[in-house]
Amino acid sequence: MTEWIAVITITLLAVISPGPDFAMVTRNSLLLSRRAGVGTALGIALGVLVHVTYTLVGVGLLIQQSMVLFQVLKLVGAAYLIYLGVKMLRTRASTPQADHAAAALSDAAALRTGFLTNVLNPKTTVFIVSLFMQVVQPDTPLPVQIGYGAFIALAHAAWFSLVALCFSAGAVRARLLAVRHWIDRAFGGLLVGLGLLLAVARGSR
């Protein structure tokens with residue numbers, strides 16, 4: 001239960017962090033259509049599954065081979081979470097400029113765009129690896145770890161689908177953008193605190 005709470009908390013805080021995924025979903029929703037935005041969100045979730053798959057395999061090998069390396073990676077992961085939180089705390093109020101009109105995307109093209117944006121994003125790699133290194137214990141059953149991965153992917157799909165719905169609605173657009181920097185700052189503070197707690201916590205194999 002403790003692992004689940006940690007996974008859910010860190011995932012929900014991190015998934016809303018501004019980045020390439022958010023920018024791509026926002027762009028496709030604003031300039032193209034709600035359908036294109038949702039398709040992009042689903043592609044992002046598929047990309048997350050790729051990261052989760054190789055993380056589960058790689059982390060298991062690292063734990064078996066080197067406890068020192070395991071602890072080093074835990075500290076690197078904590079540093080990344082703190083960095084992510086600080087970046088969110090420094091978010092400033094801004095109004096995005098509208099891009100030029102773009103050609104409509106097919107469902108497959110929107111899905112592919114979201115997938116490539118996420119799977120080629122090194123920030124997602126570091127986030128998922130750090131999350132599993134910080135929270136998941138070596139003796140956690142594989143089905144449970146797979147469940148964590150499925151939740152992370154579903155959280156990305158749900159959040160970015162919500163982003164697509166919001167940014168494709170003209171009446172909601174201005175309000176959401178006006179308060180986003182305060183939301184980022186609040187969650188950034190929580191993420192920094194959680195990263196500090198994880199950094200000083202003693203892990204074991």
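Basis for what follows: all heavy atoms, side chains included, without hydrogens, waters or symmetry-related copies.
- Checking Asn28 against Thr40 by side-chain atom types alone, a donor-acceptor pair falls below 3.5 Å.
- Contact check for Val52 versus Leu56: side-chain heavy atoms found under the 4.5 Å cut-off.
- The hydrophobic clustering, which links ILVMFWY residues whose side-chain heavy atoms are closer than 4.5 Å, places Phe160 and Met24 apart.
- One hydrophobic cluster, built from ILVMFWY side chains closer than 4.5 Å, holds both Leu42 and Val119.
- Here the closest heavy-atom approach between residue Ala153 and residue Leu49 is recorded as CB-CD2, 3.5 Å.
- Summarising the geometry, atom CZ belonging to Arg35 is positioned 4.0 Å from atom CG belonging to Asp107; distances are rounded to the nearest 0.5 Å.
- Ring geometry, His156 versus Phe127: the interplanar angle falls from 30° to 60°, so the pair is classed tilted.
- Heavy-atom minimum distance, Val48 versus Asn118: N-OD1, 3.2 Å.
- Distance CD1/Ile128 to OH/Tyr54: 6.5 Å, rounded to 0.5 Å.
- Ile8 and Leu131 fall within a single hydrophobic cluster, where Ile, Leu, Val, Met, Phe, Trp and Tyr side chains are chained together by heavy-atom contacts under 4.5 Å.
- Taking both residues in full, the closest heavy atoms of Val192 and Val86 are given as CG2-N, 3.5 Å, listed atom of the first, atom of the second, then distance.
- The two residues Leu89 and Gly189 make their nearest non-hydrogen contact at CD2-N, 3.4 Å.
- A distance of 6.5 Å separates OG in Ser106 from CZ in Arg112, rounded to the nearest 0.5 Å.
- Nearest heavy-atom pair, Ala45 versus Ala157, reported as atom, atom and distance to 0.1 Å: CB-CB, 3.7 Å.
- Partner Ile44 forms a side chain to side chain contact (heavy atoms under 4.5 Å, CB included) with one of Leu111, Val15, Asp21 and no other, that one being Asp21.
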message: For a side chain to side chain contact (heavy atoms under 4.5 Å, CB included) check, start with the C-alpha distance between Val50 and Phe115, then their side-chain angles and the critical distance, and finish with the verdict.
response: CA-CA 10 Å; Val50 173; Phe115 175 79; 3.8 Å; yes
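- A chain of hydrophobic side-chain contacts below 4.5 Å, direct or via other Ile, Leu, Val, Met, Phe, Trp or Tyr residues, connects Val7 to Leu142.
- Judged as a side chain to side chain donor-acceptor pair (under 3.5 Å), and not counting sequence neighbours, the contacts of Arg34 are Ser168.
- With values rounded to the nearest 0.5 angstrom, Tyr148 atom OH is found 8.5 Å from Phe132 atom CZ.
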message: Working note: Ile16 + Leu12, criterion side chain to side chain contact (heavy atoms under 4.5 Å, CB included); need CA distance, chi angles, decisive distance, verdict.
response: CA-CA 7 Å; Ile16 64 174; Leu12 294 181; over 6 Å; no
- request: Could you please spell out the steps behind the side chain to side chain contact (heavy atoms under 4.5 Å, CB included) verdict for His51 and Val129?
  value: CA-CA 8 Å; His51 291 293; Val129 171; over 6 Å; no
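- Residues Ala164 and Val38 approach most closely at CB-N, 3.6 Å, considering heavy atoms.
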